[in-house]
2 protein chains.
Amino acid sequence: MVSKTCEYAIRAMLFIAQKSVNDAKVGVKQIARAIDSPEPFIAKILQDLGKKGLVLSAKGPTGGFYLDNAGLKKSLADIVYAVDGDKLFTGCGLGLKSCSAKMPCPVHDEFVVVRKHIKSMLQNAKLGDYNTSLELGEKYLKR
Amino acid sequence: MVSKTCEYAIRAMLFIAQKSVNDAKVGVKQIARAIDSPEPFIAKILQDLGKKGLVLSAKGPTGGFYLDNAGLKKSLADIVYAVDGDKLFTGCGLGLKSCSAKMPCPVHDEFVVVRKHIKSMLQNAKLGDYNTSLELGEKYLKR
DNA sequence: CAAATAAAAGAGTTTATACTCTTCTACTAT
DNA sequence: ATAGTAGAAGAGTATAAACTCTTTTATTTG
């Protein structure tokens with residue numbers, strides 16, 4: 001559905017969101033532990049998201065990654081788009097380049113519905129929405 | 001969503017279905033041309049589907065691949081399952097191995113709904129369902 | 001200012017997927 | 001029978017995604 005890189009990105013961002021409620025910052029090491037990912041790999045992904053303005057970072061002691069209020073309102077769809085591009089939202093289900101309403105593949109109409117479903121689901125899921133359930137241990141980011 | 005191999009498989013099977021209405025058989029060369037795929041690659045995929053009982057084949061002149069009535073009633077879900085396994089239907093959206101209702105990732109519930117949607121869509125789409133629209137040129141298998 | 005900490009950057013490796021090439025075997029029409 | 005057609009099989013290559021390692025640069029605390 002989404003790339004592995006994107007899965008890591010979402011999990012990391014949800015963790016950062018959880019820790020950002022009181023202006024705290026989290027280092028890569030802590031993030032990697034929390035989401036059970038290779039540390040240098042998630043570091044790279046976050047650098048990328050930082051460049052694209054989806055996460056803030058500070059260097060030096062007590063530095064790390066964090067989100068402001070605007071960041072907490074970003075959706076999972078924003079992350080997916082930044083990491084994987086729009087192929088999940090717009091590509092053809094059978095891999096045809098010119099697939100469209102005018103020149104549809106056999107399952108075009110069905111896929112349009114499914115994709116809309118996925119898109120709206122991801123757009124409705126905001127990074128800050130899961131803080132309390134994560135805090136309460138009702139939802140998990142690893143294993 | 002599905003692997004490229006699986007996309008080719010579906011397109012090839014839909015083409016074979018279209019040509020199987022009057023007991024005709026189609027060769028790999030013709031299939032490759034019709035769905036615009038590398039010939040040896042689709043040959044291999046179809047060999048595999050043949051072993052799994054999803055498509056029939058005959059050797060020699062006038063031989064090729066074809067489907068019987070039972071085969072025409074198979075769904076796209078059967079093809080996806082044969083080629084990609086069940087990861088599309090059952091895997092976690094964030095890549096967690098132990099994700100379940102008991103130990104859910106943050107988006108578990110939403111993904112369950114989406115996956116059900118995808119699954120039922122693929123189960124409802126039978127190989128034989130597209131013969132007339134393909135014949136009429138309303139739907140496309142290449143480009 | 002110095003030391004420690006943490007992100008930034010970029011090159012390098014591994015692994016899986018996609019795709020190709022070649023050879024072999026079976027079948028069937030003439 | 002034999003020649004032509006078509007599938008079967010398996011090894012081999014290319015490319016992209018996933019992941020790692022090392023070095024550099026910036027910042028902040030003492």
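In what follows, chains carry the letters A, B, and so on, assigned in the order in which the sequence lines appear, proteins first and then strands, with residues in each chain numbered from 1. Every heavy atom of this structure was used, including side-chain atoms; hydrogens, water molecules and symmetry mates were not.
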Strictly below 4.0 Å, heavy-atom distances to any atom of DNA chain C: list the hits from residues 3-16 of chain B, or just say none. B:S3, B:K4, B:T5, B:Y8
Strictly below 4.0 Å, heavy-atom distances to any atom of DNA chain C: list the hits from residues 79-87 of chain B, or just say none. none
Can you give each donor-acceptor pair under 3.5 Å made by side-chain atoms of residues 62-75 of chain B, sequence neighbours left out, with the distance rounded to 0.1 Å?
| unit_1 | atom_1 | unit_2 | atom_2 | d |
| --- | --- | --- | --- | --- |
| B:D68 | OD1 | B:A70 | N | 3.2 |
| B:D68 | OD1 | B:G71 | N | 2.7 |
| B:S75 | OG | B:A77 | N | 3.3 |
| B:S75 | OG | B:D78 | N | 3.3 |
| B:S75 | OG | B:D78 | OD2 | 3.3 |

Between [N] ([atom2]) and [X] ([atom1]): distance, integer Å:
| X | N | atom1 | atom2 | value |
| --- | --- | --- | --- | --- |
| B:K25 | D:dT5 | NZ | P | 17 Å |
| B:I31 | D:dG7 | CD1 | C1' | 11 Å |
| B:K29 | D:dT5 | NZ | C1' | 9 Å |

For residues B:V107 and A:I10, determine if any side-chain heavy atom of one lies less than 4.5 Å from a side-chain heavy atom of the other. no
Taking the side chain as every heavy atom from C-beta outward, state whether A:L46 and A:I16 have any pair of such atoms under 4.5 Å apart. yes
Note: with side-chain heavy atoms under 4.5 Å as the link, the other cluster members for B:M103 come out as A:Y140
Scan [range] for pairs that pass side chain to side chain donor-acceptor pair (under 3.5 Å), counting only residues two or more places apart or in two chains.
| range | result |
| --- | --- |
| residues 29-43 of chain A | A:D36-A:R143 |
| residues 41-60 of chain B | B:D48-B:K52 |
| residues 82-107 of chain B | B:S3-B:D84 |

I need the full list of ring-ring contact (aromatic ring centres under 6.0 Å, His included) pairs touching residues 115-135 of chain B, with sequence neighbours left out, sorted by first then second residue. A:H117-B:H117
What is the per-nucleotide protein-contact pattern of nucleotides 21-30 of chain D, from the 5' end, where B denotes a base atom under 4.0 Å from a protein heavy atom, S denotes such proximity for sugar-phosphate atoms only, and - denotes neither? B----SBBS-
Check A:C105 against A:C99 and note the closest heavy-atom contact, atom names and distance. N-SG, 3.4 Å
Listed in order of residue number, which residues of residues 43-53 of chain B have a non-hydrogen atom at under 4.0 Å from DNA chain D? B:K44, B:Q47, B:K51
Reading DNA chain C in the 5' to 3' direction, which nucleotide is the first one with an atom under 4.0 Å from a heavy atom of chain B, and which is the last? C:dA18 to C:dA29
Using the test ring pair (Phe, Tyr, Trp, His ring centres under 6.0 Å), find all partners of A:Y8 that sit at least two apart in sequence or belong to another chain. A:F41
Given the options B:I35, B:L49, B:L76, B:M13 meets side chain to side chain contact (heavy atoms under 4.5 Å, CB included) only with B:L49
